[in-house]
Amino acid sequence: MSESNLAINGGTKAIRGFEAEPMHWGMKAGLEEFLALADTFGYSQEAQEKMRAILATEEGTIDPKFTRYYNPRPSRVAMFEERARQIFGVGYALGVNSGTSALMAAYVAAGVGPGTEVIVPAYTFYATAAAVVAAKGIPVIAEIDESLTIDPEDVEHKITPRTKAIVPVHMVGVSANMEAIMDIARKHGLMVIEDNAQSCGGKFHGRYLGTIGDLGCFSLSSYKVVGAGEAGLVLTNDEWLYTRATSQHDTAACWRPDRFAKERRPGELFCGENYRMSELEGAVNYVQLGRMEEQAKRYNRTMRQVVAGLEGRARDILRRSNDLEGDLGYNIILIASNKDTAGQMAAALVAEGLQAGARGSRGSRDWHIYSYWEQILERKTATAEGCPFTCPYYKAPLPPYSADMCPRAADLFDRAVHIPVNQYWTPGDCEQVADAINKVCGVYA
Ligand SMILES: Cc1ncc(COP(=O)(O)O)c(C=O)c1O
């Protein structure tokens, strides 16, 4: 075969044409995938059949894309991020695939790594602390106070020359004392990374939680007040922190203005991971975020109506709030005099017709209290070398990890009685709920 026979040189083309239809993305996903989604939402078979009949008329013409890139339609993730920026009033918002990923991206962005320490509360979901270790930092576990959030006084005691960041966690609808935390952080030149997985929509002195520190992290999973599925969000006003968070959340650095460009500044490009949010999560959480403000107002109003009806002992043992006006308030928490009483109170409240629980009083394992975090307490790591606990860059004895290192947190956890609030309770409902709590507290407390 001579070179002149090549089509590129004017010869006859080897491919005369295909018998098959040209491929298009619409052939990849279509009606069946859409109906699988409808089934996941729980729509009845009857409704699905109706949808099938209607949508089948457009089969073959649709072209769904579940990824942000190379998508002819406006990216739902980009829309979600823009909505987050607008609602929270911040410069930068990054959608990710979970709250844990949000924390990882934020920790790495902030410079958490070998030789650094991060102060986390003893009462939080384990991911807050685990992500520090995953980012190769050392978690330093601090006490909580009667608000069930990190105790600023203990934070100050735990600062060392290695401390990189403080992580206040706004637990179960109540903000940490952000004024005190920010003061301490600024005094010592530390980053503040808010873990707002549990209080999306809550405020502290008029400012949205997650927007006060250097970075704010959210989980938007189905288990949270805002969120559906598995998703997360990072907020910041700092362009460089945002840039680094994007690099960690997408190691191929797709989000930069120019994907394949060399780094614009040392520290922009490094080996990260992939926490990209899918378009499905972007679409659903765009809607969820749109409901956030009204929902937060409703929860807060309802919770405060119940609280206003509490009297005597019930009022005395109410969990302390750092800003009742701003609390998300999806749980009312009472702190019983001891663990057994907490269990009895929860049972009595249930008998009165409320939902109530005292997780600590049951004594069962729970990832929300540090004493069960044996991965950290016993320095369990994925490989035998034990990094980062054995890291030579960490030039100090490790924190004295033990199951009784934060006795106040363990005690408060054991004594806490949770009463979930229904955001739609009417004033009459709130009165009944307050009466029920007063009645039970009159006997137990
Ligand atoms: C305080 C806190 N931080 C982080 C997370 C982790 O979020 P995700 O489950 O979305 O990874 C959670 C989730 O329960 C949480 O409650």
Side-chain angles (χ1 to χ4, degrees), residues 77 80 84 93-108 110 112 118-135 137 139 141-142 144 147-150 165-176 178 181 192-202 204 209-210 212-213 215-235 245 248-249 273-278 280-282 284-285 288-289 327-328 330-331 333 357 359-360 365-370 372-373 375-376 406 409 412-413 416 418 420:
V77 176
F80 161 80
L94 177 67
V96 291
N97 60 4
S98 73
T100 306
S101 299
L103 289 165
M104 278 299 294
Y107 290 167
V108 172
V112 173
V118 178
I119 304 179
V120 300
Y123 175 50
T124 176
F125 182 60
Y126 166 64
T128 316
V132 175
V133 178
I141 302 170
I144 59 168
S147 69
L148 305 188
T149 66
I150 200 162
I166 306 169
V167 186
V169 184
H170 309 300
M171 280 301 275
V172 206
V174 165
S175 68
M178 287 306 291
I181 297 295
V192 173
I193 302 170
E194 295 177 73
D195 180 340
N196 194 26
Q198 297 203 3
S199 302
C200 180
F204 178 79
L209 301 178
I212 304 165
L215 290 140
C217 300
F218 297 69
S219 164
L220 301 171
S221 80
S222 302
Y223 311 111
K224 307 299 186 302
V225 172
V226 177
E230 299 282 4
L233 173 66
V234 183
L235 301 180
Q248 171 64 18
H249 109 294
E273 301 193 54
N274 176 359
Y275 314 146
R276 287 196 302 260
M277 178 184 257
S278 87
L280 292 172
E281 289 291 349
V284 170
N285 287 299
Q288 285 279 308
L289 213 49
D327 286 347
L328 185 55
Y330 64 94
N331 265 215
I333 301 182
R359 291 163 83 141
R365 287 173 62 77
D366 194 308
W367 292 121
H368 291 86
I369 185 74
Y370 80 99
Y372 292 110
W373 301 344
Q375 296 93 321
I376 292 170
C406 293
L412 286 167
F413 177 78
H418 294 243

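Values below: every heavy atom of this structure, side chains too, minus hydrogens, waters and symmetry copies. As the structure is a computational prediction, the values presented were derived from the model and not from experiment. Remember, it's 1-based here, ligands and their atoms both numbered in the order they're listed.
- To the nearest 0.5 Å, atom OH of residue Y123 and atom OG1 of residue T128 are 11.5 Å apart.
- Protein heavy atom nearest atom 8 (P) of ligand 1, with residue, atom name and distance: G99 N, 3.4 Å.
- With respect to atom 13 (C) of ligand 1, the closest heavy atom belonging to the protein is K224 NZ, 2.8 Å.
- Nearest protein heavy-atom neighbour of atom 12 (C) of ligand 1: F125 CD2, 3.5 Å.
- Interface atoms of ligand 1 facing S219, defined by a heavy-atom separation under 4.0 Å, are 7 (O), 8 (P), 10 (O).
- Distance check, rounded to the nearest 0.5 Å: CD of Q198 to CG of L328 gives 10.5 Å.
- At least one donor-acceptor pair closer than 3.5 Å links the side chain of N285 to the backbone N or O of A228.
- Every atom of ligand 1 with a heavy atom of S98 under 4.0 Å away is listed here by number and element: 10 (O), 11 (O).
- Distance from atom 6 (C) of ligand 1 to its nearest protein heavy atom, with residue and atom name: T100 OG1, 3.5 Å.
- Of all non-hydrogen atoms in N196 and F218, the two that sit nearest each other are ND2-CE2, 3.1 Å.
- Using a 4.5 Å heavy-atom threshold, the side chains of Q375 and Y126 count as touching.
- Nearest non-hydrogen protein atom to atom 16 (O) of ligand 1 is Q198 NE2, 2.9 Å.
- Within the 4.5 Å cutoff, no side-chain heavy atoms of L148 are placed close to those of V172.
- In this structure, atom 3 (N) of ligand 1 lies nearest to the protein heavy atom D195 OD2, 2.7 Å.
- Under a 3.5 Å cut-off, the side chain of Q248 and the backbone N or O of A105 do not form any donor-acceptor pair.
- Those atoms of ligand 1 with a heavy atom of T128 less than 4.0 angstrom away are 3 (N).
- Atoms of ligand 1 lying under 4.0 Å from at least one heavy atom of T124, given by number and element, are 1 (C).
- When non-hydrogen atoms are compared, ligand 1 lies under 4.0 Å from the side chain of A197 (C-beta onward) but not from its backbone.
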